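Worksheet: the structure to be examined is printed underneath.
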Amino acid sequence: MTGLLGAAGVAVAGRLAYFQIIKADDFRAEANARRLSSQKLYAHRGTIYDRNGNVMVSSVECENVYVNPQLIKKKQRKKAIDALVDVLGVDRDYVEELVDRDTTFVYVKRQVDEEDAQILADMNISGIEFEPSIKRVYPYDNLASQVLGIVNVDNAGVSGLEYYYDEVLTGTDGSLSRERARDGSFIAGGAYKKVPAQDGMDIVLTLDVNIQRAAEEAIADAVERVAAKYGSVIVTDPTTGEILAACSYPTYDQNDLEHASNADLNLRVVTDVYEPGSVFKPLVVAGGIEAGAITATTSFNVPPMVMSGDDEVYDVDKRDFAMDMDIREILRRSSNTGMVLVGERIGADNFDESVIKRFKFGESSGIDFPGQSLGIIKERDEYDGASVTSMSFGQSLAVEPVQVVRAMSSIANKGVMTTPHFLKMRAGEEVDWTDGEERAISEETAATLADMMRTVVDEGTGELAQVPGYEVSGKTGTAQRAGEDGTGYQENNNMASFLGFVSTIDPRVMCYVTLDGTAAQSYAATPVFKTVMETALPTLGIKPTR
């Protein structure tokens with residue numbers, strides 16, 4: 001018997017040693033975890049400014065409202081539910097289910113305005129509790145929403161520049177630890193530890209809120225007026241690549257994501273690809289001149305119809321006679337048949353090298369924005385009998401508008417392509433984008449094309465884009481859209497566009513307008529350009545040239 005008692009004593013002592021020595025730290029940690037309540041103190045994301053210091057996005061303090069069902073007394077259950085429903089606007093059945101849970105913590109609503117949270121706090125209802133949080137606010141409402149993007153309830157960027165510059169904008173969250181009693185209530189004078197949050201970095205964008213607003217209003221009006229599926233505008237300084245405005249329509253409201261479609265979140269000038277149509281023609285001419293295949297004075301006898309592979313190509317005027325046209329006249333009239341002859345003169349090898357590769361089509365534009373498409377560009381060994389001739393007037397290839405803007409900046413900027421970008425300053429320091437600059441054509445070729453494009457606006461298809469007092473260089477475009485079944489181009493389903501810059505000799509602003517899925521032609525895009533320029537030119541202090 002004594003032996004049995006001794007053995008039992010050893011066993012008990014061993015178990016005590018196990019609990020009190022070997023596992024003591026683990027049990028202590030578990031007890032502390034139950035006893036201590038740790039809350040995250042959210043860091044403020046960096047503020048986003050436009051180029052003139054206007055706040056476009058900032059962070060404000062708010063409250064996450066949660067309940068501790070263990071503290072909600074039976075007599076106050078209805079009062080607690082009524083308060084949460086009335087002040088927060090949440091569903092009653094949802095709240096009833098929350099307050100009946102067997103837990104000490106469950107969110108009711110996150111990112112509640114401090115005013116509403118204070119109303120609840122003043123009711124002093126046991127079990128309704130609050131956690132400090134941060135949310136984004138937009139002083140200009142939904143202006144530039146596609147560019148700026150959104151964050152989730154944890155303040156992480158999920159789209160637009162909020163996503164692209166998330167690491168820059170995101171700070172380091174802090175924490176607040178407090179001691180709780182068994183029922184979940186905080187113990188007065190109990191353990192308390194606070195680690196302050198470190199806020200994120202502020203950034204300044206190249207956007208101008210006034211130009212952005214003008215672009216958004218103009219494209220929205222045009223889409224509705226010509227019954228387009230959607231439209232886009234991008235405005236840049238072609239000498240630096242700074243994006244002054246960028247938008248697509250329809251758009252969305254960051255404060256009403258419940259009614260926003262995924263498609264409307266897209267900044268289509270970056271994410272979508274199109275056959276550019278006749279806007280592409282000046283780039284073909286520039287490449288042809290650089291390749292030595294043509295000169296500025298080269299002339300062609302242009303028939304009313306030419307073949308591109310098995311397809312008949314006509315001009316929009318449907319003339320039935322041949323005409324002698326030099327390069328300037330071909331661009332002025334936006335002659336498809338003339339451009340087919342230009343393409344044939346350039347040849348397939350030269351076209352691939354001097355147009356596609358020269359202007360970096362099929363490569364990233366370098367823009368600081370997520371989701372850029374690289375277009376649909378044929379490799380040289382994929383060319384067929386119609387490839388060069390159809391690409392010569394902007395078909396058989398698809399590119400995103402920002403890529404066209406980058407390529408066209410070479411014509412406006414004395415032959416040097418600049419990188420389209422949104423970020424101007426970070427943490428108070430100017431960001432250098434000159435590494436993305438690249439000479440594409442000679443200064444002489446650039447000046448020649450800019451002057452030819454001036455003729456397009458002064459006397460040709462772009463006359464509706466004229467801005468009184470200014471020289472405007474530009475090019476119209478009307479590209480038929482292919483059907484979804486891939487059987488060919490559809491009637492009355494066009495991508496109408498216009499790209500232009502001011503002024504011809506010393507450009508400081510470029511604007512590219514696209515209207516997709518419309519029966520209208522390029523004339524529908526030119527008024528948008530004019531409207532945007534009428535705001536942009538005085539805003540930027542660009543003086544009249546005429």
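Nothing here was measured: the structure is a model prediction, and the numbers come from that model.
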Ion pair D516/R481, N-O distance below 4.0 Å: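 Yes, D516 and R481 are salt-bridged.
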F280 vs F361, ring-ring contact (aromatic ring centres under 6.0 Å, His included): CA-CA, chis, key distance, verdict: CA-CA 11 Å; F280 196 68; F361 288 109; 5.4 Å; yes
Does [atom1] in [X] sit with more than 12 non-hydrogen atoms of other residues, nucleotides or ligands closer than 6.0 Å?
{"X": "E167", "atom1": "CD", "answer": "no"}
{"X": "E444", "atom1": "CD", "answer": "no"}
{"X": "I505", "atom1": "CD1", "answer": "no"}
{"X": "Y163", "atom1": "OH", "answer": "no"}
{"X": "D310", "atom1": "CG", "answer": "no"}

Kindly write out the residues that satisfy side-chain contact (heavy atoms from CB on, under 4.5 Å) with [X], not counting sequence neighbours, or none if the list is empty.
{"X": "K414", "value": "E443"}
{"X": "A296", "value": "T448, M452"}
{"X": "E491", "value": "Q480"}
{"X": "N413", "value": "T239, V416, T418"}

Pair D352-K378, salt bridge (Lys or Arg N to Asp or Glu O under 4.0 Å): steps then yes or no: CA-CA 9 Å; D352 183 59; K378 292 179 179 179; over 6 Å; no
Distance-only polar pair, side chains of S334 and K475, donor-acceptor under 3.5 Å: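 The answer is yes; a qualifying pair exists.
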Donor-acceptor pair between S364 and Q372 side chains, under 3.5 angstrom: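 Per modelled atom types, S364 and Q372 side chains form a pair under 3.5 Å.
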Set of residues satisfying ring pair (Phe, Tyr, Trp, His ring centres under 6.0 Å) with respect to F300, sequence neighbours excluded: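 Checked F300 against ring pair (Phe, Tyr, Trp, His ring centres under 6.0 Å); zero matches.
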Pairs meeting criterion side-chain hydrogen bond (donor to acceptor under 3.5 Å, both in side chains) with involvement of residues 265-276, two or more places apart: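 Applying side-chain hydrogen bond (donor to acceptor under 3.5 Å, both in side chains) to every pair that reaches into residues 265-276, excluding sequence neighbours, yields R268-D272, E275-Y489.
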Single hit among E224, E217, Q146, E216 for side-chain hydrogen bond (donor to acceptor under 3.5 Å, both in side chains) with Y249: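 So the option named by the test is E224.
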Test of ring centre spacing under 6.0 Å for F529 and F498: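 Under 6.0 Å, so yes.
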